[in-house]
Amino acid sequence: MVDWWTGWRDRTNPPIYQLTNLPLHQYHKEKTMTPNYPVRVRMAPSPTGYFHLGSARTALFNWLYARHTGGAFILRIEDTDRTRFVADALQDAMDSLRWLGLDWDEGPEVGGPHGPYFQSERLPIYHEWAGWLVEHGHAYRCYCSEARLGALRRAQQARKENTGYDRHCRHLTATQRAEYAAAATPAVVRLAMPLAGETSFTDALRGVITFDNRQIIDPILLKSDGFPTYHLANVVDDHLMEITHILRGDEWLNSVPLHVNLYRAFGWEMPVYAHLPLILDPSGVGKLSKRKKKGEGGEELLTYIREYRQAGYLPEAMFNFLAILGWSYSADTDLFSREQAIAAFDIPHINASPGALPLSKLDWMNGHYIRQLSIPDLTGRLAPFLARDLGIPVETLAEDPALPTLAPLIQERLKTLAEAAAWLDFAFVAKLSYDPQMLIAKKLDAAGSLAALEAAHKLLAGLPFTEEALEGPLRDLAQELGLKTGQLFGILRVATTGKEVAPPLFGSMIALGRERTLARCAQAEASLRTLVAAESTG
RNA sequence: GCCCCCAUCGUCUAGAGGACCAGGACACAGGCCUUUCAAGCCUGGUACAGGGGUUCGAAUCCCCUUGGGGGCACCA
């Protein structure tokens, strides 16, 4: 067991979050140093919805940083909002994390020395520290009703002033407080922000950032229902859980000065902050997390990890893709393994600028990883998707001897596993249904196509069903008939698969087997005869 | 409205004052291969938002403008 805490304390390099007057480019040189101690980082999802793509990226970066430094990745559940609680959101988050291979060292189901890891189970801790702040004059109880707050806001809006709390309760006298307390008036606890001056901090990606303290008006720390707000809970827990680095979404940047003042009030050492760039909608407009939007082709834009999983993306592709969302592995490739990512991960190569979700790259990347799969692996992964989309029990499918023959035929054609059914349905239906017109080859009529098919049918009947045995004779036949191979094979393709675009012909026929292939030739001949008859009468 | 962040090909990005008339990837276009579709290989086009500085020298540092994003809850 690594004594990370000692290592952290004993580190000789100055902490990079110390305020610096260095110009940014100089600062960037400094920040390249990777901590010479194991970091403690956390992912803190809120169970108010399914696990989002952006959350997964944040989780991944934290996980990579922990693994890179030999540190710890902690999972903490921020379930302090009782009104937005979603029952299966926690399970979804854990499933998504595990699917991506992001294991946590402390947290739900694994425990750890800093528990509990559910904020709803840490209420006494928040009460204790909120009370401490009040006692020491860094916070105060506020008895303002929501009605008063609402009226205040409307008045401010009417006067076109900035909205915000008027600090009414900050100035209560001791006797007034005693009266409220005696009457058991519901109260919240607010942070007493400095009334003037500035708060600065260093973001590991952006350098020093300074805010005017007047911008933040005494935010609520403890709600009247006894639950903490994010601000209190996250500062208290990060300190108590000995978090050293916070990598989180850019949307938190504006509340850092609040957090800084909380750390100061407590007298606690601050962690290193790195605010990750937001992932924008593929159109580049708006952040991804807002709401379901439509993609360019009007298709649903996937936002939850579970949706990507169901759409047939591989976890290894997703991992790789998520890793390039704001971080660059190297100047000349986007493809890398989990191990390579761990070895290379660093803060300096995280990009501070927000970017659109490059979904076409995900498709390419997923196709790449599908092509890397061994055939047994591929068939194993394909089975649940085919079962789902074809309505066949998985067990039946898993035992189907045709599957290992079919899988390699489409391996290099797939962008997602979910596309498999559309390619392979022909092998799993009793009878094909398709437009007979497709049987007529280019530059041929129905009669000519029929003659070609009959000849091929006859030839096929006497041939062994192997790739080598089929190809030569069929090519020779095309020549004998004075046809291009494309013409003859096209007819056979439609006859056997019912599609003009299908997996390679001979492989498809072999997977189908002699019997079914010949039956489909016969079926196609019947269709063509009808067309011939129609042509001669019409 | 106020505050904060960001700004390189269509998109994601490399870039830490000279190695950049800017490299890679995806996408796109053309070609090769070819039984369809893919895959693969080859080739191609397109970018430092604009304007001022600093410097012998700026994609890189500073300022302004513009554009984009985010935040301003008893949500996280």
Side-chain angles (χ1 to χ4, degrees), chain A residues 23-29 32 44-49 78-81 83-84 142 144 146 149 153 157 160-164 186-190 203 205-206 209-212 214-217 219-225 227-231 233-234 249-257 275 277-278 280 282 284-287 324-328 330-335 348-349 351-365 367-368 371 410-415 423 471 474-475 478 484-490 492-494 497 499-506:
Chain A
L24 192 62
H25 65 285
Q26 275 292 331
Y27 171 74
H28 276 263
K29 287 183 183 171
T32 57
S46 172
T48 52
E78 310 222 322
D79 53 350
T80 54
D81 184 348
T83 58
R84 293 197 305 157
C142 167
C144 292
E146 292 202 49
L149 261 19
R153 177 169 333 176
Q157 281 166 347
K160 301 204 174 196
E161 293 171 4
N162 285 344
T163 55
V188 300
V189 173
R190 288 182 184 271
D203 182 275
L205 302 183
R206 302 156 217 272
I209 298 174
T210 301
F211 284 81
D212 188 326
R214 283 166 299 193
Q215 204 63 35
I216 295 165
I217 308 177
I220 291 175
L221 264 20
L222 208 56
K223 299 183 259 185
S224 58
D225 65 1
F227 278 68
T229 59
Y230 171 85
H231 307 295
N234 121 82
D250 197 13
E251 70 264 30
W252 294 109
L253 197 56
N254 287 280
S255 48
V256 180
H275 289 87
L278 257 20
L280 269 30
V285 182
K287 78 169 176 176
I324 63 168
L325 255 36
W327 179 66
S328 64
S330 86
D332 46 41
T333 185
D334 285 334
L335 294 170
H349 289 94
N351 193 155
S353 53
L357 228 213
L359 281 180
S360 64
K361 199 171 264 195
L362 203 217
D363 282 339
W364 160 77
M365 201 171 258
H368 168 82
R371 273 169 247 133
I410 58 167
Q411 182 168 32
E412 65 194 27
R413 276 158 253 267
L414 293 177
K415 287 205 295 278
W423 284 100
E471 182 160 358
L474 281 169
R475 281 186 186 281
K484 298 211 176 238
T485 48
Q487 290 175 293
L488 179 63
F489 292 2
L492 284 168
R493 176 172 300 111
V494 174
T497 67
K499 306 172 194 300
E500 286 176 317
V501 174
L505 182 60
F506 308 119

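Below, chains carry the letters A, B, ... as their sequence lines are ordered, and counting in each starts from 1.
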- Which of the following nucleotides, B/G69, B/G71, B/A14, is nearest to the side chain of A/N351? B/A14
- Task: Side chain of A/V188 only, please: which of B/U11, B/C74, B/G70 is the nearest?
- Result: B/C74
- Gap between atoms CG and P, on A/L335 and B/U13 respectively (whole Å): 16 Å
- Separation of atom CD1 in A/I220 from atom P in B/C74, rounded to whole Å: 4 Å
- Query: Does some side-chain heavy atom of A/H275 sit less than 4.5 Å from a side-chain heavy atom of A/L205?
  - Reply: no
- Determine, stepwise, if the pair A/W423 / A/K499 fulfils side chain to side chain contact (heavy atoms under 4.5 Å, CB included). CA-CA 9 Å; A/W423 284 100; A/K499 306 172 194 300; 5.8 Å; no
- Item | Those residues that, when tested against A/W327, pass side-chain hydrogen bond (donor to acceptor under 3.5 Å, both in side chains) (two or more places apart) | A/D346
- Message: Roughly how many Å apart are B/C61 and B/A14, using the P atom of each and rounding to a whole number?
- Response: 14 Å
Could I get a table of every N or O pair under 3.5 Å where one atom is in the protein and the other is in nucleotides 30-34 of chain B?
none

Nucleotide N/O of nucleotides 1-5 of chain B paired with protein N/O under 3.5 Å:
unit_1	atom_1	unit_2	atom_2	d
B/C3	O4'	A/Q215	NE2	3.2
B/C5	O2'	A/R206	NH1	2.6

- Query: Say you pick atom P in B/G68 and the same atom in B/C62; how far apart are they, in whole Å?
  - Reply: 23 Å
- For A/K415, check side-chain hydrogen bond (donor to acceptor under 3.5 Å, both in side chains) against everything at least two apart and list the hits. none
- Item | Listed partners of A/F211 passing ring pair (Phe, Tyr, Trp, His ring centres under 6.0 Å), at least two apart | none
- Query: Between B/C37, B/C26, B/A76, which nucleotide has the shortest distance from any of its atoms to the side chain of A/S360?
  - Reply: B/C26
- Looking at every strand, decide which applies to A/A502 at a 4.0 Å heavy-atom threshold: base, sugar-phosphate, or nothing. base
- Item | Inter-residue atom distance A/T485.OG1 - A/E471.CD, 0.5 Å rounding | 9.5 Å
- Query: With A/S255, which residues qualify under side-chain contact (heavy atoms from CB on, under 4.5 Å), at least two apart?
  - Reply: A/H231, A/W252, A/H259
- May I ask which nucleotide in the shown strands pairs with B/G1, Watson-Crick or G-U wobble, both distances under 3.5 Å? B/C72
- Query: Nearest-Å distance, CZ (A/F506) to P (B/U36)?
  - Reply: 11 Å
- Partners of A/S360 by side-chain contact (heavy atoms from CB on, under 4.5 Å), sequence neighbours excluded? none
- Item | Nearest-angstrom distance, P atom, B/C12 to B/A58 | 28 Å
- Note on the structure: With the side chain defined as heavy atoms from C-beta on, A/S328 is closest, among B/A76, B/G69, B/A14, to B/A14
- Note on the structure: In whole angstroms, the gap separating P of B/G71 from NE2 of A/H231 amounts to 12 Å
- Query: Considering only the C1' atoms, how many Å lie between B/G44 and B/C6, rounded to the nearest integer?
  - Reply: 32 Å
- note: A/I324, atom CD1; B/A27, atom C1'; distance rounded to Å ~ 13 Å
- Message: In this structure, how many angstroms lie between the P atom of B/U11 and the CH2 atom of A/W364, rounded?
- Response: 19 Å
- Query: Quick one: side-chain hydrogen bond (donor to acceptor under 3.5 Å, both in side chains) partners of A/R214, sequence neighbours excluded?
  - Reply: A/D212
- Message: Between A/T229 and A/I220 (side chain of the first, backbone of the second, donor and acceptor by atom type, cut-off under 3.5 Å), is there such a pair?
- Response: yes
- Item | Rounded distance (Å) that lies between atom P of B/C72 and atom CD of A/E161 | 20 Å
- Item | With A/F227 via ring pair (Phe, Tyr, Trp, His ring centres under 6.0 Å) - residues at least two apart | none
- Note on the structure: In A/L362, A/L280, A/L325, the residue satisfying side chain to side chain contact (heavy atoms under 4.5 Å, CB included) with A/L357 is A/L325
- Message: Need one value for A/E78: base, sugar-phosphate or nothing, where a base atom within 4.0 Å counts as base even if backbone is also close, heavy atoms only.
- Response: sugar-phosphate
- Hey, does A/P358 have a side-chain heavy atom less than 4.5 Å from the side chain of A/M365? no
- Task: Applying side-chain hydrogen bond (donor to acceptor under 3.5 Å, both in side chains), name anything that partners A/N162, two or more places apart in sequence or on another chain.
- Result: none
- Taking the side chain as every heavy atom from C-beta outward, state whether A/V188 and A/S224 have any atom pair closer than 4.5 Å. yes
- Query: From A/H368 NE2 over to A/L335 CG, what is the distance, rounded to the nearest 0.5 angstrom?
  - Reply: 4.5 Å
- Could you check whether A/P257 gets within reach of a base, just the sugar-phosphate, or nothing at all, counting any heavy atom under 4.0 Å? nothing
- For B/A39, take OP1 and OP2 only and decide whether either is under 4.0 Å from a side-chain N or O of A/K415. no
- Item | Gap in Å between the two P atoms, one belonging to B/G69 and one to B/U11, rounded | 14 Å
- Less than 3.5 Å between a donor and an acceptor, one on the side chain of A/S224 and one on the base of B/C74, is that the case here? yes
- Per-nucleotide protein contact along nucleotides 18-23 of chain B, 5' to 3', at a 4.0 Å heavy-atom cut-off (B base, S sugar-phosphate only, - neither), is -----B
- Message: Among B/C74, B/A76, B/C12, which nucleotide has an atom closest to any side-chain atom of A/W252?
- Response: B/A76
- Task: In whole angstrom, give me the gap between the P atoms of B/G15 and B/U60.
- Result: 15 Å
- Item | Residue A/P358, side-chain heavy atoms: nucleotide from B/G69, B/U11, B/C37 that is nearest | B/U11
- Message: Rounding to an integer number of angstrom, what distance separates B/A27 and B/G10 when you compare their C1' atoms?
- Response: 8 Å
- Message: Return a single string for nucleotides 42-47 of chain B, one symbol per nucleotide in 5' to 3' order, where B is base contact, S is sugar-phosphate-only contact and - is none, cutoff 4.0 angstrom on heavy atoms.
- Response: ------
- May I have the distance from A/F489 (atom CZ) to B/C37 (atom P), rounded to whole angstrom? 15 Å
- Message: What's the closest nucleotide to the side chain of A/K361 if the choices are B/U35, B/A25, B/C74?
- Response: B/A25
